[in-house]
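All figures in this text were calculated on a predicted structure; none of them were measured in a lab. Throughout, a chain's letter reflects where its sequence line sits, starting with A, and its residues are numbered from 1.
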2 protein chains.
Amino acid sequence: MGTSHTESFTPEHLALAELFKALGHPARLAIVNAIAAQQACVCGEFVAITGLSQATVSQHLKELKSAGIIHGSIQGPKTCYCLSPSALGLLKDSVAQLQTPSDSCC
Amino acid sequence: MGTSHTESFTPEHLALAELFKALGHPARLAIVNAIAAQQACVCGEFVAITGLSQATVSQHLKELKSAGIIHGSIQGPKTCYCLSPSALGLLKDSVAQLQTPSDSCC
DNA sequence: TCGGCGTATCGTAATATTGCAATGTAGCAA
DNA sequence: TTGCTACATTGCAATATTACGATACGCCGA
């Protein structure tokens with residue numbers, strides 16, 4: 001992708017963009033929604049929900065984890081994933097900030 | 001990217017993922033924040049803010065527009081961009097839905 | 001200890017994204 | 001008309017993402 005240009009932006013924008021990018025894929029959105037709705041918790045269930053292969057789901061889980069949106073705890077042979085309230089709080093705040101305070105110039 | 005697999009997901013997840021993906025880049029986040037803060041409105045100002053070339057900024061604006069997050073109105077020689085409240089509302093609702101209703105299984 | 005189950009990781013192929021220079025298009029002033 | 005300003009599009013090249021099969025790893029039960 002050309003040159004990554006990451007040095008031109010504020011750390012806040014970079015961190016926040018990571019969060020948004022992690023949610024910017026329907027499979028990951030489905031995973032996160034399933035966790036939020038308490039419909040699923042472990043990798044095998046996400047495979048059934050998304051219809052993707054286990055390897056792909058595991059990769060998506062890894063991305064969500066590295067973005068800080070979820071964190072997994074190994075419970076015996078399974079790994080249980082749950083949401084990170086702090087990341088969701090950040091997202092919520094930033095979206096709230098975007099709400100147009102008044103009507104803009106156009 | 002492998003095969004796109006878009007048929008496996010719900011339309012809501014697909015549409016929402018488009019919104020999140022559009023915000024999942026620091027340059028686009030900076031643009032949207034600048035509009036929200038009423039610091040900038042036209043392409044030339046975004047070029048100054050992001051430090052990217054005019055062509056690249058125009059491309060990012062196009063993506064934000066096609067995602068429905070902003071819409072531009074041509075005003076003489078300039079094009080003024082502003083946020084779409086409906087898209088922001090969608091984002092806000094979906095983020096609110098993700099907030100953990102209670103503590104989960106792990 | 002040996003399988004088997006559930007996940008994670010590796011390697012690889014197909015495709016998407018990012019960025020910029022060059023060029024095109026549209027409005028306005030002289 | 002001519003030239004200028006502001007923006008959009010096109011055409012690459014470099015890089016990132018997505019997906020999957022194959023395989024490795026870790027934890028149990030027999």
Asks: What nucleotide, of D:dC7, D:dC20, C:dA21, holds the atom closest to the side chain of A:S53?
Replies: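 Of D:dC7, D:dC20, C:dA21, D:dC20 is nearest to the side chain of A:S53.
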Asks: Rounded off to whole Å, could you give me the CD-to-C1' distance for the A:E63 and D:dT17 pair?
Replies: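 Going from CD in A:E63 over to C1' in D:dT17 covers 7 Å.
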Asks: Report the nucleotide, chosen from C:dC20, C:dT17, D:dA8, that has the shortest atom-to-atom distance to any side-chain atom of B:S58.
Replies: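 Selected nucleotide (nearest to the side chain): D:dA8.
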Asks: Measure from the side-chain heavy atoms of A:T79 and tell me the nearest of D:dT17, C:dA8, D:dG21.
Replies: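 Taking heavy atoms from C-beta onward, the closest nucleotide is C:dA8.
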Asks: Is there a side-chain contact between A:H60 and the phosphate of D:dA19, meaning an N or O under 4.0 Å from OP1 or OP2?
Replies: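 For D:dA19, OP1 or OP2 has a side-chain N or O of A:H60 closer than 4.0 Å.
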Asks: Look at B:K78 and C:dA26 and indicate whether a side-chain polar atom (N or O) is within less than 4.0 Å of OP1 or OP2.
Replies: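 Checking B:K78 against C:dA26: no side-chain N or O falls below 4.0 Å of OP1 or OP2.
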Asks: Look at the side-chain N and O atoms of A:Y81 and state whether any lies under 4.0 Å from the OP1 or OP2 oxygen of C:dA8.
Replies: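 Result: yes.
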Asks: Categorize B:V42 for me: base, sugar-phosphate, or nothing, with a 4.0 angstrom heavy-atom threshold over every strand shown.
Replies: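 It contacts sugar-phosphate atoms only.
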Asks: Return the set of residues passing ring pair (Phe, Tyr, Trp, His ring centres under 6.0 Å) with A:H13 (not counting sequence neighbours), or none when no residue passes.
Replies: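 Partners of A:H13 under the ring pair (Phe, Tyr, Trp, His ring centres under 6.0 Å) test: none.
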Asks: Between B:T56 and C:dC20, is there a contact of a side-chain N or O with OP1 or OP2 at under 4.0 Å?
Replies: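 It does, given that an N or O in the side chain of B:T56 lies less than 4.0 Å from OP1 or OP2 of C:dC20.
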Asks: Mind checking if A:K21 touches a base, just sugar-phosphate, or nothing, with heavy atoms under 4.0 Å?
Replies: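 Counting heavy atoms under 4.0 Å across all strands, the contact made by A:K21 is with sugar-phosphate only.
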Asks: In whole Å, I'd like the distance from the NZ atom of A:K65 to the C1' atom of C:dA8.
Replies: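 Computing the A:K65:NZ to C:dA8:C1' distance gives 9 Å.
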Asks: Look up atom CG in A:L61 and atom OH in A:Y81, then write down how far apart they are to the nearest 0.5 Å.
Replies: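 It comes to 4.5 Å.
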Asks: Over all strands shown, is A:L52 touching base, sugar-phosphate only, or nothing at heavy-atom distances under 4.0 angstrom?
Replies: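 Contact class for A:L52: sugar-phosphate only.
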Asks: Quick one: label B:Q59 by what it contacts on the DNA or RNA (base, sugar-phosphate, nothing), any heavy atom closer than 4.0 Å.
Replies: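 Contact class for B:Q59: base.
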Asks: With the side chain of A:P77 defined as its heavy atoms from C-beta on, choose the nearest nucleotide among C:dG19, C:dT17, D:dC27.
Replies: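 Of C:dG19, C:dT17, D:dC27, D:dC27 is nearest to the side chain of A:P77.
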Asks: Quick check on DNA chain D: between A:G51 and B:C43, whose nearest nucleotide comes earlier from the 5' end?
Replies: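 Looking at the nearest nucleotide for each, B:C43 comes out on the 5' side.
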Asks: NA contact type, A:Q54, heavy-atom cut-off 4.0 Å: base, sugar-phosphate, or nothing?
Replies: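 Since a base atom lies under 4.0 Å of A:Q54, the category is base.
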Asks: Identify which nucleotide among C:dG19, C:dC28, C:dG11 has an atom closest to any side-chain atom of B:H25, counting heavy atoms from C-beta outward.
Replies: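 Nearest to the side-chain atoms of B:H25, counting from C-beta on, is C:dG19.
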